[in-house]
Amino acid sequence: MSKPDELLVDVAALVESGHSNQMTLTVVAGGAVITGRLAPEAVWRQRVSEVLADSASLNGFSAVFTATTCEEKAPTHLHFHVSRILQGTVGIPETGGMYRVAIDDVSAWTVGDFSYSDQ
């Protein structure tokens, strides 16, 4: 098991404590480049729950994301929203997605998000 980057854990903890969604980050995880804004886990879970609740075929999964844990511990995951997986000059999905990335899986990262163009 790899040891998580302590600085990245600190960034995630600040996002969690401040309930801010303005921190932009780009990470490499499993060979994929993910870029976007971080959200506190509770905010991310609520948004995913809302999206699932609006789906006729997936609304049964909505409650899984609203379950809360009262345990306070160091973050183990980054919760991206308005984010994209970069593939060449294209960001997938075009409108921005919701991704949960294990901090242990991050092999490289930088503050900020990448802009891209298909022109």
Side-chain angles (χ1 to χ4, degrees):
M1 175 181 270
S2 66
K3 184 177 182 201
D5 183 322
E6 290 179 21
L7 185 54
L8 188 55
V9 171
D10 289 346
V11 168
L14 280 172
V15 169
E16 288 296 326
S17 69
H19 298 286
S20 170
N21 64 357
Q22 298 303 306
M23 181 60 171
T24 56
L25 202 67
T26 300
V27 301
V28 177
V33 178
I34 301 171
T35 189
R37 281 190 285 168
L38 295 178
E41 182 176 1
V43 171
W44 183 88
R45 283 174 171 261
Q46 181 61 39
R47 181 65 186 124
V48 172
S49 176
E50 291 167 0
V51 169
L52 292 171
D54 289 342
S55 169
S57 59
L58 299 174
N59 61 10
F61 292 95
S62 178
V64 172
F65 290 89
T66 58
T68 59
T69 58
C70 297
E71 229 179 290
E72 288 199 24
K73 56 185 176 181
T76 58
H77 290 78
L78 301 170
H79 295 87
F80 285 91
H81 71 120
V82 192
S83 59
R84 294 169 179 87
I85 296 174
L86 299 183
Q87 179 66 39
T89 60
V90 177
I92 305 166
E94 191 174 297
T95 58
M98 309 281 287
Y99 300 106
R100 177 176 160 110
V101 178
I103 293 173
D104 282 351
D105 292 341
V106 174
S107 59
W109 63 278
T110 188
V111 172
D113 61 345
F114 282 96
S115 297
Y116 42 84
S117 170
D118 53 18
Q119 298 177 7

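All values derive from a computational prediction rather than experimental measurement. FYI, the numbering just counts along the sequence from 1.
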Using 0.5 Å steps for rounding, measure from the CD atom of E50 to the OG atom of S55.
14.0 Å

Is the shortest side-chain heavy-atom distance between R47 and M98 below 4.5 Å?
yes

Hey, any chance I85 and W44 share a hydrophobic cluster, counting ILVMFWY side chains that come within less than 4.5 Å of each other, even indirectly?
no

Does V15 share a hydrophobic cluster with V82, counting links as ILVMFWY side-chain heavy atoms below 4.5 Å and allowing steps through other members?
no

Do side-chain atoms of E16 reach the backbone of E41 as a donor and acceptor pair under 3.5 angstrom?
yes

A102: what forms a side-chain contact (heavy atoms from CB on, under 4.5 Å) with it, not counting sequence neighbours?
H77, D105

Closest non-hydrogen atom pair between L14 and S17, with its separation
O-OG, 3.2 Å

Once you round to the nearest 0.5 Å, how far does CD of Q22 lie from CG of L38?
11.0 Å

Is there a donor-acceptor contact under 3.5 Å from the side chain of T66 to the main chain of A63?
yes

For the pair S83 (side chain) and G97 (backbone), establish whether a donor and an acceptor sit closer than 3.5 Å, ignoring hydrogens and angles.
yes

Hey, could you give me the CG/CD1 distance between D113 and I34, rounded to the nearest 0.5 Å?
13.5 Å

Take V33 and T26, measure what side-chain contact (heavy atoms from CB on, under 4.5 Å) needs, and give me the verdict at the end.
CA-CA 7 Å; V33 178; T26 300; 3.7 Å; yes

What is the distance from atom OG of S49 to atom CG of D54, rounded to the nearest 0.5 Å?
9.5 Å

Closest heavy-atom pair and its distance - V101, A29
CG1-CB, 3.8 Å

Check the hydrophobic clustering (I, L, V, M, F, W, Y; side-chain heavy atoms under 4.5 Å; chains of links allowed) and say if F65 and V51 are grouped together.
no

If I take atom CD from residue E6 and atom CD1 from residue I103, how far apart are they, to the nearest 0.5 angstrom?
11.5 Å

Assess whether side-chain contact (heavy atoms from CB on, under 4.5 Å) is satisfied between V11 and V111, documenting all intermediate values.
CA-CA 10 Å; V11 168; V111 172; 5.8 Å; no

Show your working on side-chain contact (heavy atoms from CB on, under 4.5 Å) between V106 and L78 and close with a plain yes or no.
CA-CA 10 Å; V106 174; L78 301 170; 4.1 Å; yes

Over all atoms of both residues, closest heavy-atom pair of L25 and F80
O-CE2, 3.5 Å

